**Student:** 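A single structure is presented below for examination.
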2 protein chains.
Amino acid sequence: MSIREEKKKKTKRAILHAAISLFNKKGYDNTSIEQIAQNAGVGKGTIYSYFDSKKSIIKGFCEYELEKIHHQLVAQSNEQSSVLEQMLIIFMTEFDHVTQNPEFGRLYLRETLFPDNMGRNNASDFDEKYFEILFPILEKGQQRGELREDIEHLYLCAHFYSLYILVISAWYSGRIEKSAIQDAMKTLFKQTLDGLRPVSQNHTTGNNND
Amino acid sequence: MSIREEKKKKTKRAILHAAISLFNKKGYDNTSIEQIAQNAGVGKGTIYSYFDSKKSIIKGFCEYELEKIHHQLVAQSNEQSSVLEQMLIIFMTEFDHVTQNPEFGRLYLRETLFPDNMGRNNASDFDEKYFEILFPILEKGQQRGELREDIEHLYLCAHFYSLYILVISAWYSGRIEKSAIQDAMKTLFKQTLDGLRPVSQNHTTGNNND
DNA sequence: CGTTAAAATTGACTGCAGTCAAAATGTATA
DNA sequence: TATACATTTTGACTGCAGTCAATTTTAACG
């Protein structure tokens with residue numbers, strides 16, 4: 001690796017490191033780019049040749065973090081467990097990480113779920129990694145008869161993911177305590193697996209189109 | 001009403017009107033407070049005695065809009081329809097309004113779901129109005145045997161609301177076309193009603209606690 | 001009315017995100 | 001090594017969100 005490339009990597013790390021440290025110490029809004037630059041030992045302008053904006057520093061950090069989590073998950077996931085248990089582990093692990101850096105997590109979720117650009121979005125690369133983890137679990141679940149086979153994987157994901165988002169949101173807006181998260185998520189996951197209709201009236205086969 | 005109060009109302013309306021017009025014309029980021037002030041015929045500082053921040057102008061507008069929608073909904077809702085149909089109407093109506101002002105909708109959702117303040121949140125007042133509409137529908141649904149009675153109303157709401165959020169997010173990030181929204185939402189709602197498990201294995205009674 | 005207190009309005013001011021032309025540093029070639 | 005070119009770094013500069021002390025407008029009362 002050339003001198004140039006080495007320096008670039010070192011600089012990027014320094015910026016990210018300074019940013020994380022300052023954001024966690026003083027909060028995102030109370031940290032200025034100039035402060036980050038000083039702590040990283042570079043000029044202000046340099047930061048903008050590594051990151052598009054203040055927000056994208058967060059995005060860079062979060063994606064790096066989440067990738068780490070994903071690797072962890074693949075390692076620790078137990079193929080024998082039920083879909084419910086595996087989903088709970090995955091989303092609770094993710095939740096724990098998010099809440100360790102609430103500031104980052106919040107801004108990342110905002111940006112990911114309701115992006116600035118509208119439309120042309122580059123998150124698909126990131127979605128892929130999600131699916132790489134979730135799809136096999138769902139596939140196995142279907143094979144074991146735990147999940148309906150007439151629902152696409154994408155839609156199955158959607159149900160769990162949407163509930164995860166809701167619970168996170170409830171925590172961020174102070175409607176639920178951290179200690180209550182796991183139970184709430186479990187309850188919701190169970191309910192969505194079992195359905196909201198009474199058993200007697202359950203008609204799954206999809207012939208109930210109006 | 002005193003002269004003072006009249007003027008205040010008029011001024012607030014003028015600010016909101018100028019803001020909406022400019023935001024829709026040039027976008028939120030490209031509109032400055034000073035421009036809004038000029039279009040509203042007031043000084044810059046005045047805006048800050050009516051709104052806490054640039055963001056809260058959006059919030060003010062959205063809450064005003066959503067309140068209008070809610071009234072509409074109560075009027076047009078048909079108690080005889082199935083829970084599925086009523087939920088679809090409610091969330092599709094809301095979706096339509098959000099997407100008429102995508103800029104506003106996006107910022108409102110961000111702020112509502114992942115607020116700045118963290119914890120102390122004043123949205124509970126607004127939640128109430130949501131529940132005033134949804135709870136009666138769910139109550140009726142339970143009475144008619146369309147919905148399980150062992151699930152709290154709050155949790156029943158959670159399922160529908162979370163899917164609504166997911167679909168909106170999918171639209172905002174360009175993963176789904178506007179024309180496909182209704183079908184997607186309907187499919188997801190149906191699935192959550194029927195459950196993700198195959199019928200044969202459905203065990204609703206909640207005695208499957210580990 | 002005239003006087004005084006309270007409320008509303010204002011724009012100059014502060015601090016920060018993001019830009020950009022110029023300077024510094026690294027690379028390739030003779 | 002010297003020269004020319006490419007990449008990276010830099011901080012002065014621009015424009016805007018949000019503040020605040022000073023000013024103007026309204027209300028209350030003798």
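Since the structure is predicted, the reported quantities are computational estimates derived from the model, not experimental observations. A, B, ... follow the sequence lines: proteins, then strands. Residue 1 opens every chain.
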**Student:** Identify, residue by residue, the members of residues 21-41 of chain B with a heavy atom below 4.0 Å from DNA chain D, and return them in order of residue number, or none.
**Tutor:**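 Result for residues 21-41 of chain B: B:T31, B:S32, B:I33, sorted by number.
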
**Student:** For B:I15 and C:dT10, what is the distance between atoms CD1 and C1' respectively, to the nearest whole Å?
**Tutor:** 13 Å

**Student:** Is atom NZ of B:K10 surrounded by more than 12 heavy atoms (other residues, nucleotides or ligands) closer than 6.0 Å?
**Tutor:** no

**Student:** Just checking, any donor-acceptor pair under 3.5 angstrom between side chains of B:Q35 and B:K26?
**Tutor:**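 Per modelled atom types, B:Q35 and B:K26 side chains form a pair under 3.5 Å.
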
**Student:** Using whole Å, what does the distance between atom P of nucleotide C:dG18 and atom CZ of A:F51 come to?
**Tutor:**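 The distance from CZ of A:F51 to P of C:dG18 comes to 13 Å, rounded to the nearest Å.
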
**Student:** Within the pair A:K7 and C:dG26, is there a side-chain N or O less than 4.0 Å away from OP1 or OP2?
**Tutor:**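 Checking C:dG26 against A:K7, a side-chain N or O does come within under 4.0 Å of OP1 or OP2.
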
**Student:** Does the ring of B:Y108 carry B:K59 above it, NZ/CZ under 6.0 angstrom from centre and within 45° of its axis?
**Tutor:** no

**Student:** Using side-chain heavy atoms (C-beta onward) and a distance below 4.5 Å, is A:F51 in contact with A:L16?
**Tutor:**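 The answer is yes; the side chains approach within 4.5 Å.
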
**Student:** Over all heavy atoms of both residues, which pair between B:H159 and B:Y155 is shortest? Give the atoms and the distance, please.
**Tutor:** CD2-O, 3.0 Å

**Student:** Take atom CD in B:Q100; do more than 12 heavy atoms of anything else shown fall under 6.0 Å from it?
**Tutor:**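 Result for CD/B:Q100: enclosed.
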
**Student:** Indicate yes or no for a side-chain donor-acceptor contact from A:S162 to the backbone of A:A158 under 3.5 Å, with no hydrogens or angles considered.
**Tutor:** yes

**Student:** Take A:F160 and A:L193, measure what side chain to side chain contact (heavy atoms under 4.5 Å, CB included) needs, and give me the verdict at the end.
**Tutor:** CA-CA 9 Å; A:F160 293 104; A:L193 280 165; 4.1 Å; yes

**Student:** Quickly work out the A:D52 CG to C:dA17 C1' distance and round it to whole Å.
**Tutor:**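 After rounding, the reported distance stands at 13 Å.
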
**Student:** Whole-Å distance between C:dT27 P and A:E5 CD?
**Tutor:**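 Result: 9 Å.
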
**Student:** What is the distance from NZ of A:K55 to C1' of C:dA17, rounded to the nearest Å?
**Tutor:**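 Value for this atom pair: 11 Å.
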
**Student:** Heavy atom of residues 43-50 of chain B under 4.0 Å from DNA chain D: which residues?
**Tutor:**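 Here the set is B:K44, B:Y48.
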
**Student:** Whole angstrom is fine here: how far is it from CD in A:E6 over to C1' in D:dT8?
**Tutor:** 16 Å

**Student:** Can a salt bridge be assigned to the pair A:E111 and B:R110 using a cut-off of 4.0 Å between side-chain N and carboxylate O?
**Tutor:**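 Between B:R110 and A:E111 there is a salt bridge, with a charged N closer than 4.0 Å to a carboxylate O.
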
**Student:** Tell me which nucleotide among C:dG18, D:dA17, C:dT9 gets nearest to the side chain of B:T11.
**Tutor:**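 Nearest listed nucleotide: C:dT9.
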
**Student:** Starting at atom NZ of B:K8, determine the distance to atom C1' of D:dA27, rounded to an integer number of angstrom.
**Tutor:** 14 Å

